Number of protein chains: 2
Amino acid sequence: MSGATPRVFSTRQYPCEACPLRPLKVFRDFEPEELTFISKFKKGELSVEKGSAVLVEGSHSAHLYTVLSGWGFRYKLLPDGRRQILNYILPGDLVGLQGSLMGEMQHSVEALSSMLLCVFERQNLTILYRNHPGLAYDLTWIAAREEQMLDENLLSVGRRNALERAAYLIAFLHGRAKSVELNGHRQVEIPVTQQHIADTLGLSLVHTNKTIRKLIDRGMIRWREGSCEILDAEGLAAISGWHGLPETKRPLM
Amino acid sequence: MSGATPRVFSTRQYPCEACPLRPLKVFRDFEPEELTFISKFKKGELSVEKGSAVLVEGSHSAHLYTVLSGWGFRYKLLPDGRRQILNYILPGDLVGLQGSLMGEMQHSVEALSSMLLCVFERQNLTILYRNHPGLAYDLTWIAAREEQMLDENLLSVGRRNALERAAYLIAFLHGRAKSVELNGHRQVEIPVTQQHIADTLGLSLVHTNKTIRKLIDRGMIRWREGSCEILDAEGLAAISGWHGLPETKRPLM
DNA sequence: CGACTGTTTGAACGCGTTCAACTGCGGTGG
DNA sequence: CCACCGCAGTTGAACGCGTTCAAACAGTCG
């Protein structure tokens, strides 16, 4: 279910001043001194390949990460192996804040594609809180955003039926992906297998397959081996009764 | 489903210096200057009665609250009225942080019993972040804790069966209630109806009733009109395969 | 070529839903 | 005072959404 864990610290390829994400209009503008701090805060880059573990439940990680590129997901397991995917992780997202604050990781993170991560050291958080109240506020904001997404997910898994759930999830991921698309206006592709979808929706693989087929037959998505292409995001949102993501600017660490 | 909204700002009865919660051993010790700030930060007290709305989805609240006494819950609704309870709110918990940070509330909060709330003004958060990095850290910590609880809930609703879900939920609430019990060693009572349990677990009322009956028959809980008494918390945890709450100290705003 | 991953399909089963009806209790008003 | 209502809980029966079991196919990789 999760491959080996090869952690290669590459040399730093993206100085924060030339961050490819920061220019995107979803991210708020930062003050020069904030950027300077973040740049110092950043300790390097980590490249992980598809299927490998980024963080492991029960471990004490000394780092937290911002995703530069690639997709991942957070999940928890029950003792007998049942898996629940909690949320997905896209470029611009912060990973490992929970663990940094509370010590032990309570969930795991795995890469859905190859990923490039900015590495920050947990211990420097104290300095951040002491000297950069704006960034401290941002961290709380980021945690609150994750909470909002979980609220939505929980609503979905708890109260929507299979078709509504699938439609919501795909529309949701489509929205998130669009907001951090570098190359703009191409069809969005979600790099997941149907097993991932099943483990997110709380459904079996078989029934997930049959549900996805309905969405395909309605012309709303296209499915390729290991990825999902969205054709009709509004249609999906309509099925689930979902109103889309807020358009607020957000911070980027 | 939610009654009227009578909001009575009573005079301040509990100065922070004589806070009945703060002496509890679950809460971390605070520095004198932190207490002084919190005391100034606190603008009054709000008393709400059972069944009334504390916060409403879509509204822009100027306040955030710490629960002094009583129980409440956060929930979301689908357009057709299906309700999902996201989490419960107990004494010592902070309410409305999401809304304070992001503007519009994305969920509602309702009182399960009469509640007494400490009222803080949203706009003073800036001062907190600027002058009290320790408290700022605490706010992020509190948000991360909520995220952890949601993770657990999502795992439960997504991957546990009805009996496991019910057992987990009741054990979880038992643990939280115990940690903030003022009067110590009495049987914990959870002030919910079976409809609340159903809307938390993502089950129908009828099936929730039948599931709860199994727990009653096994001698693990007792049910009274509108409240649940826990008799065998370990038994419940065992059914669900849950390992209990962490024992870390936490902040109290 | 064989092994493996991801997807697909059919069929039987069963957990949980839905519909319906009834109980007990407390409050309310005629 | 009692009839009436509504809420919380309970129970039975039929139904159906989603699970489970089983088998098969396509594509990739060594």
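Everything numeric in this text was worked out from a predicted model, so none of it was measured. Each chain gets a letter, A, B and so on, in the order the sequences are listed, and its residues count up from 1.
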| request: Send over the distance from A:Ile197 CD1 to C:dT7 C1', rounded to a whole Å. | output: 13 Å
| message | Once you apply a heavy-atom cut-off of 4.0 Å, does A:Ser204 come out as touching a base, just sugar-phosphate, or nothing? | response | base
| Could you give the NZ-to-P distance, from A:Lys214 to C:dT8, as a whole number of Å? | 15 Å
| task | Could you tell me the separation between the CD1 atom of B:Ile190 and the C1' atom of D:dA8, rounded to a whole number of Å? | result | 17 Å
| Among B:Leu21, B:Leu46, B:Leu117, which one satisfies side-chain contact (heavy atoms from CB on, under 4.5 Å) with B:Leu68? | B:Leu21
| Closer to the 5' end of DNA chain C via nearest nucleotide, is it A:Ile216 or A:Arg159? | A:Ile216
| query | When you measure from the side chain of A:Lys210, which nucleotide among C:dG10, D:dT10, C:dG16 comes out closest? | reply | C:dG10
| said: If you assign A:Ser227 and B:His207 each to the DNA chain C nucleotide with the nearest heavy atom, which residue ends up on the more 5' nucleotide? | reply: A:Ser227
| query | In whole Å, what is the span from the CG atom of B:Asp217 to the P atom of D:dT10? | reply | 10 Å
| request: Determine: side-chain N/O of A:Arg213 to OP1/OP2 of C:dT7, distance under 4.0 Å, yes or no. | output: no
| task | Can you tell me the distance, in whole Å, between the CZ atom of B:Arg165 and the C1' atom of C:dT17? | result | 13 Å
| message | Nearest 0.5 Å, please: how far is CD in B:Glu147 from CG in A:Leu86? | response | 9.0 Å
| said: Please report the distance, rounded to the nearest Å, between CG in A:Asp199 and C1' in D:dG18. | reply: 15 Å
| field | Candidates C:dT9, D:dG18, C:dG6 - which lies nearest the side chain of A:Asn209 | value | C:dT9
| Rounded to the Å, how far apart are B:Leu215 CG and D:dT10 P? | 12 Å
| Is the cationic atom of B:Arg160 (NZ for Lys, CZ for Arg) positioned less than 6.0 Å from the six-membered ring centroid of B:Tyr168 and within 45 degrees of its normal? | yes
| Integer-rounded Å distance: C:dG16 P and B:Ile212 CD1 | 14 Å
| Of the nucleotides C:dT7, D:dA8, C:dG16, which one has an atom closest to the side chain of A:Trp223? | C:dT7
| request: Taking the six-membered ring for Trp and the full ring for Phe, Tyr or His, determine whether the centres of A:His107 and A:Tyr75 are under 6.0 Å apart. | output: no
| query | Nearest to the side chain of B:Val206 - C:dC19, D:dG18, D:dA8? | reply | C:dC19
| field | Steps toward side chain to side chain contact (heavy atoms under 4.5 Å, CB included) verdict (B:Val67, B:Val95) | value | CA-CA 8 Å; B:Val67 179; B:Val95 179; 3.9 Å; yes
| D:dT11, D:dG9, D:dG18: which one has an atom nearest the side-chain heavy atoms of B:Gln194? | D:dG9
